[in-house]
Participant: 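One structure, as structure tokens, below. Some questions next.
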Amino acid sequence: MPIKLSYGATDNLTPDAEVQFQVQGRTNTGGVWRAWTTVSPWTKRRTRYPYLVPGLHQFRVQAKDQAGNVTLYKQGAVFTVAEHQESASSVTYSSTPGWLVSTSSGSYKGVVKKSPTTGAVTTFTFTGRDIAWVSTKGSNRGKAEVYEILSDGTKLKLYVVDLYSGTLSTANVVYAKGWSTSTVRTIEIRVSGTKNASSTGTRVDVDAFIVLNT
């Protein structure tokens with residue numbers, strides 16, 4: 001799962017435009033810290049998008065100014081990346097309209113649930129702060145609506161995802177959403193029955209969900 005790392009210098013390092021950063025990460029509590037760039041670990045970039053596998057993760061960053069002054073490492077919180085396959089008990093599907101199981105080479109673990117039918121719904125209930133929906137893009141894929149279902153049953157429409165692509169592309173993070181706190185949430189994905197003008201169909205795939213929790 002790609003995540004967004006943002007960091008910056010706010011102390012006595014000057015001039016700020018010349019500040020460089022070194023980012024390290026580790027898996028599992030107490031694991032070995034490893035630089036994300038081995039050839040030239042120092043960079044002026046303030047945002048990174050590392051791809052993380054399921055498990056425990058932590059990052060730290062230090063800064064260096066033009067004069068060579070280096071800060072101590074600042075550690076971020078330990079967080080968990082967890083995968084939930086399309087067949088997980090926390091993922092439910094409407095029976096009418098229904099969903100079909102389909103083997104798919106290149107998908108997250110070789111299997112997806114699919115439906116081209118307007119109104120077909122899948123819901124995913126999880127505990128976390130960030131979520132990503134993994135799906136397939138292709139020439140016959142349609143659009144899906146993403147909702148958050150609140151505890152009182154209210155549905156908040158979050159986004160419309162267009163899954164069309166001129167070439168088949170599997171295991172894509174097609175939608176991601178983050179909140180400021182971690183709690184129990186439910187996401188609904190609804191097949192809209194609409195499509196990009198270039199698409200030949202309205203099929204929507206559910207491949208997996210990835211949850212980040214601190």
Side-chain angles (χ1 to χ4, degrees), residues 1-91 106-110 124-135 146 148 158-159 161 170-187 206-214:
M1 174 183 176
I3 67 165
K4 181 179 181 179
L5 296 178
S6 297
Y7 42 88
T10 58
D11 53 13
N12 295 325
L13 292 175
T14 56
D16 185 67
E18 298 301 325
V19 172
Q20 294 180 312
F21 302 93
Q22 181 170 222
V23 180
Q24 294 184 339
R26 64 179 178 180
T27 59
N28 302 318
T29 304
V32 177
W33 291 103
R34 300 184 186 279
W36 281 93
T37 304
T38 57
V39 177
S40 179
W42 291 101
T43 176
K44 293 182 180 180
R45 293 170 56 190
R46 285 169 164 76
T47 304
R48 287 173 181 260
Y49 295 88
Y51 187 93
L52 302 181
V53 299
L56 290 173
H57 298 273
Q58 187 178 24
F59 289 90
R60 68 180 184 178
V61 62
Q62 67 176 171
K64 178 175 69 174
D65 66 13
Q66 194 174 23
N69 300 305
V70 179
T71 67
L72 297 175
Y73 275 105
K74 177 69 175 179
Q75 293 186 10
V78 177
F79 61 94
T80 302
V81 175
E83 66 174 48
H84 300 262
Q85 287 298 302
E86 82 294 331
S87 58
S89 60
S90 53
V91 184
S107 65
Y108 197 63
K109 287 199 173 176
F124 172 51
T125 300
F126 64 98
T127 300
R129 198 191 68 189
D130 297 79
I131 183 177
W133 168 29
V134 180
S135 186
V146 182
E148 180 183 5
L158 301 177
Y159 202 69
V161 178
T170 56
N172 302 282
V173 173
V174 296
Y175 177 76
K177 168 73 174 175
W179 294 265
S180 59
T181 59
S182 177
T183 189
V184 177
R185 293 185 168 87
T186 298
I187 292 294
V206 175
D207 190 353
F209 295 97
I210 308 296
V211 173
L212 185 151
N213 199 9
T214 56

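This is a predicted model, so every value here is computed, not measured.
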Participant: Suppose we screen for side chain to side chain donor-acceptor pair (under 3.5 Å). Which residues come up paired with Y159, at least two apart in sequence or across chains?
Facilitator: none
Participant: Could you list the residues that satisfy salt bridge (charged side-chain N to carboxylate O under 4.0 Å, His left out) with K109, not counting sequence neighbours?
Facilitator: E83
Participant: Which atom pair, heavy atoms only, marks the closest approach of Q22 to Y73?
Facilitator: NE2-OH, 3.1 Å
Participant: Testing W36, F21, W33 one by one against F59 for a ring pair (Phe, Tyr, Trp, His ring centres under 6.0 Å), which residue passes?
Facilitator: W36
Participant: Any side-chain heavy atom of R185 sitting closer than 4.5 Å to one from E148?
Facilitator: yes
Participant: With sequence neighbours left out, what residues match S87 under side chain to side chain contact (heavy atoms under 4.5 Å, CB included)?
Facilitator: Q85
Participant: Test your reading of the model: is there a side-chain donor-acceptor pair from Q62 to the backbone of T71, 3.5 Å cut-off?
Facilitator: yes
Participant: What are the two closest heavy atoms between D207 and S107, and how far apart are they?
Facilitator: OD2-CB, 3.3 Å
Participant: Return the minimal non-hydrogen interatomic distance between T47 and S6, and the atom names on each side.
Facilitator: OG1-OG, 3.9 Å
Participant: Nearest heavy-atom pair of R129 and T214: which atoms, and what distance?
Facilitator: NH1-CG2, 3.5 Å
Participant: Taking the side chain as C-beta and beyond, is there a heavy-atom pair between V173 and I210 under 4.5 Å?
Facilitator: no
Participant: CZ of F126 to CD1 of I187: how many Å apart, nearest 0.5 Å?
Facilitator: 5.0 Å
Participant: To the nearest 0.5 angstrom, please state how far the CZ atom of R60 sits from the CD atom of Q24.
Facilitator: 4.5 Å
Participant: So, applying ring pair (Phe, Tyr, Trp, His ring centres under 6.0 Å) with H84, which one of F124, F209, Y108, W133 is it?
Facilitator: F124
Participant: Report the distance from atom CD1 of I131 to atom CH2 of W179, rounding to the nearest 0.5 Å.
Facilitator: 6.0 Å
Participant: Got T27 and V53 here, is their nearest side-chain heavy-atom distance under 4.5 Å?
Facilitator: no
Participant: For R26, enumerate each residue passing the salt bridge (charged side-chain N to carboxylate O under 4.0 Å, His left out) test, keeping only those at least two apart in sequence or located in another chain.
Facilitator: none
Participant: Of all residues at least two apart in sequence or in a different chain, which pass the side chain to side chain donor-acceptor pair (under 3.5 Å) check with T186?
Facilitator: T125
Participant: Are T127 and S182 packed together at the side-chain level, in the sense that at least one heavy-atom pair is separated by less than 4.5 angstrom?
Facilitator: yes
Participant: Going by side chain to side chain donor-acceptor pair (under 3.5 Å), name the residues that satisfy it together with R45, two or more places apart in sequence or in a different chain.
Facilitator: none
Participant: Looking at D65 and A67, would you say the former's side chain and the latter's main chain have a donor-acceptor pair under 3.5 Å?
Facilitator: yes
Participant: Please report the shortest heavy-atom distance between S135 and V174, naming the atom on each side.
Facilitator: CB-CG2, 3.8 Å
